[in-house]
Asks: 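Submitted below is the structure of interest, expressed as structure tokens.
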Amino acid sequence: MSTETKCNPDLVRERAKCTFDVNELINLFYGSEKATKERRHFEDAVLAVKELKDAIPEEYLSHKERYENGVRKATILRDVYRDYKAKHNRDPPPNQITKAVIKDISPFLLHNGMFVPTIAGQGTPEQQAEWLPKAESMQIIGTYAQTELGHGSFIRGLETIATYDPKTEEFVLNNPTLTSFKWWPGGLGSTVNHCVVVAQLYINGKSHGIHPFIAQIRDLDTHKPLPGVKVGEIGPKMGFQTANNGFLGFDNFRIPRKNMLMKNAQVLKDGTFVKGINEKLTYGTMVMVRVGIVGDCSFYAALAATIAVRYSAVRHQSHIKASEPEAQILDYLTQQHKLFIAVASSHVYRNAYLWMEKMYTNVMKELSQDKQDNLPELHATACCLKAVCSRDAGSLVEECRLACGGHGYMASSNLPLTYGVTIAAVTYEGERTVLLLQTARYLMKAWMAALKGKVLSPSVSYLLNSLKESKKPWQNTPEGIVKGFQHVSFGKVKAAYETIQKYMKQGKDYEDAWNLASVQLVKASEAHSRAILCEVSWEAVCSSSASPNLSRVLQQLAQLYLTYWTLETSGDLLLYSNITKDDLIILRDKYEELLVAIRPNAVGLVDGFDLRDEILNSTLGSYDGRVYERLMEEALKSPLNQETVNSSFHKYLKPMMEKAKL
Ligand SMILES: CCCCCCCC/C=C\CCCCCCC/C=C/C(=O)SCCNC(=O)CCNC(=O)[C@H](O)C(C)(C)COP(=O)(O)OP(=O)(O)OC[C@H]1O[C@@H](n2cnc3c(N)ncnc32)[C@H](O)[C@@H]1OP(=O)(O)O
Ligand SMILES: Cc1cc2nc3c(=O)[nH]c(=O)nc-3n(C[C@H](O)[C@H](O)[C@H](O)COP(=O)(O)OP(=O)(O)OC[C@H]3O[C@@H](n4cnc5c(N)ncnc54)[C@H](O)[C@@H]3O)c2cc1C
């Protein structure tokens, strides 16, 4: 980090006010002092590579140049990872330094994030032994090709076909229609030479559902598409410009039998199909990534909050009191209302991610012992938390951007790109509504079990408690608020269930009744997610090992989250809990007190995310607060400022002005 001496004086004053030890917060957030040291050490190693620095901002490059620069940097970054591993005999610690290097999304994201994990998770030991060493060492580069032009959400409807030919012991891949073309996979456009292709398996004319296959699609030497492969890039998007998303179609393209990933289902040489213990295990990589996305949401909220809070400490505009100098915009309570929820939410998502990671690890361990009982709970929880955290994080990033006024609209603030990237997570890895409806299926089953007095899984056991406690008075404490959210979820689950029953009594079948109740079902899932986020995050701060000074601030943040959402969803609470109008007025006052209490620590709290200037990549958010200098320095990099008079003056403007004189 930069030294205090060069800092903007407002930021120096802000840091002097901080009531807790920022380093303690950093170590707590990232796990330990050792983890912080190792992460910083690795980040230093990456940033020391001169070739990774961009000569001009990415925005001035063409689509093609941006991609090529992205690949160039991704390969150098990969070398740094490899060297670290060779030297330390372990992978680099979790870090976000890719953001400092690639800025947008790496063309290798899908290779590392889904191709390798799918081989590891869906391959037999022999298949892992064949492909993992090559994939991990980047001798082959791959992606996860599932979505098609016609189908993304409903994957049982995928149209890519893999027909088994027992004579040659091969699968024949085909994309018979335009809508069957793979569309979206990252890196597919021009980067990868392999992919996991998810396709409908046909044996002797019989369909056996969707399965993952490994296909080599480009020649390893020439990189030309192999015969029978049509592949390309899908073009510019809201973000993800360097992710190199592509399309792919096969025409009688043959792959050997061993290329079907067969940890779950298998196809024997003679074409016998052997079912796996649970066909949904084929969807395993998606579950893992959904868990990871909750962690990503924490990062994006932290990044946007760091930029907006630091900028708001530096920016002065208007007066709170006419007799006093222009105020730091951070002193306006409205600004605190916009920003502190992003700081608090980042901590909430982080704690939710750590909690989900544990659940994921336990279930994977159980699955390795053929125990599947907790898989439905994992799937349902990963779906709704991914859905709610990504939508909220997108809104928080956008609110941070708006809170920076005009300068937040500048690409150099890095808030527009951050929004484009964050909001993509609402759609990828399962569209929000679709995932919330998956959770709703689980909630309906849980509710029916609750009605029968059965024991419920831990994440939904509150449904039983709420059933018993519905008469208890409201308590204006964090624990009381957590219970309140559980009551809301309980009420919405019950109402959605009863709506389905109502339609069925009117003669509708279950599917139609489900569709007619689906707005309520989605809202029940959202309420369930909020109840989990509130409970998990409150428990995490209460059980944290932080010092009293830090603990006080972390509790304030967690309470801010609880109170913010109580006020945002007061209608639901009035409907489904015993909260009163007077309780809400007390909580409104409490919320405002929390904003004021957090205010002196705002800069310390975002410093506690320990995001380097290179990761923030923002004129508004750097540690030293040289906002105006950086805005001007970046503007001067515009190609239009490299010449005093642009040729368009002589070509168009001057002739127009002269014509106007006639
Ligand atoms: C420990 C964690 C470590 C974390 C490490 C972090 C690493 C990664 C982190 C960061 C990111 C890196 C990568 C980012 C990638 C970004 C690029 C994006 C890539 C993509 O988008 S890939 C494509 C993603 N596509 C989707 O998500 C499709 C969404 N659709 C579906 O998943 C399914 O179609 C469906 C679930 C909506 C429905 O499936 P289906 O029709 O087959 O099922 P239903 O009939 O509805 O339900 C039947 C039954 O099955 C249960 N079920 C469904 N899915 C699962 C599952 N995955 N697991 C278990 N069970 C499942 C469902 O609940 C039903 O059960 P019941 O019948 O009700 O009992
Ligand atoms: C940036 C980005 C990167 C991606 N990367 C990859 C990748 O690497 N590999 C890959 O395979 N895919 C990738 N995808 C594709 C992504 O997984 C899909 O776009 C996503 O799963 C949503 O599917 P869809 O586009 O078919 O949306 P649709 O399902 O068509 O959604 C459109 C609307 O229909 C609604 N809808 C659909 N089904 C239902 C239902 N059953 N009930 C109620 N409403 C419904 C949705 O709620 C939504 O409002 C990527 C997408 C993006 C945006």
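Whatever order the structure lists them in is the order used to number ligands and atoms, beginning at 1. Keep in mind that what you see is a predicted model, and the values were worked out from it rather than measured.
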Asks: Hey, which atoms in ligand 1 end up nearer than 4.0 Å to a heavy atom of L375?
Replies: 59 (C)
Asks: Would you check whether A424 has a nitrogen or oxygen atom less than 3.5 angstrom from a nitrogen or oxygen atom of ligand 2?
Replies: no
Asks: For ligand 1, which is the ligand I care about here, please tell me if R290 has any N or O atom under 3.5 Å from one of the ligand's N or O atoms.
Replies: yes
Asks: Between H379 and ligand 1, does any nitrogen or oxygen pair lie at a separation below 3.5 Å?
Replies: yes
Asks: Do any nitrogen or oxygen atoms of Y144 lie less than 3.5 angstrom from nitrogen or oxygen atoms of ligand 1?
Replies: no
Asks: Starting from atom 28 (P) of ligand 2, find the nearest protein heavy-atom neighbour and note its residue, name and distance.
Replies: S153 OG, 3.7 Å
Asks: Using 30° and 60° as the class limits, which term best fits the ring planes of F42 and Y84: parallel, tilted or perpendicular?
Replies: perpendicular
Asks: Between the side chains of S298 and S346, is a donor N or O closer than 3.5 angstrom to an acceptor N or O?
Replies: yes
Asks: Using ring pair (Phe, Tyr, Trp, His ring centres under 6.0 Å), reason through Y428 and W184 one step at a time and then give a plain yes or no.
Replies: CA-CA 9 Å; Y428 68 63; W184 268 120; 9.1 Å; no
Asks: Counting only nitrogen or oxygen atoms and a 3.5 angstrom limit, does T147 reach ligand 1?
Replies: no
Asks: Would you tell me which option among Q438, M288, M356, E429 has the nearest heavy-atom contact to atom 24 (C) of ligand 1?
Replies: E429
Asks: Is the closest basic N to carboxylate O distance between E43 and R612 below 4.0 Å?
Replies: yes
Asks: Check for me whether K445 has a heavy atom closer than 4.0 Å to any atom of ligand 1.
Replies: yes
Asks: Select one of side chain, backbone, both or neither to describe which atoms of T147 lie under 4.0 Å from any atom of ligand 2, heavy atoms only.
Replies: both
Asks: Quiz question: by atom type and distance under 3.5 Å, do the side chains of T160 and Q200 form a donor-acceptor pair?
Replies: no
Asks: Y353 to ligand 1: N or O pair under 3.5 Å?
Replies: no
Asks: Side chain, backbone, both or neither: which part of L437 comes within less than 4.0 Å of ligand 2 when only heavy atoms are counted?
Replies: side chain
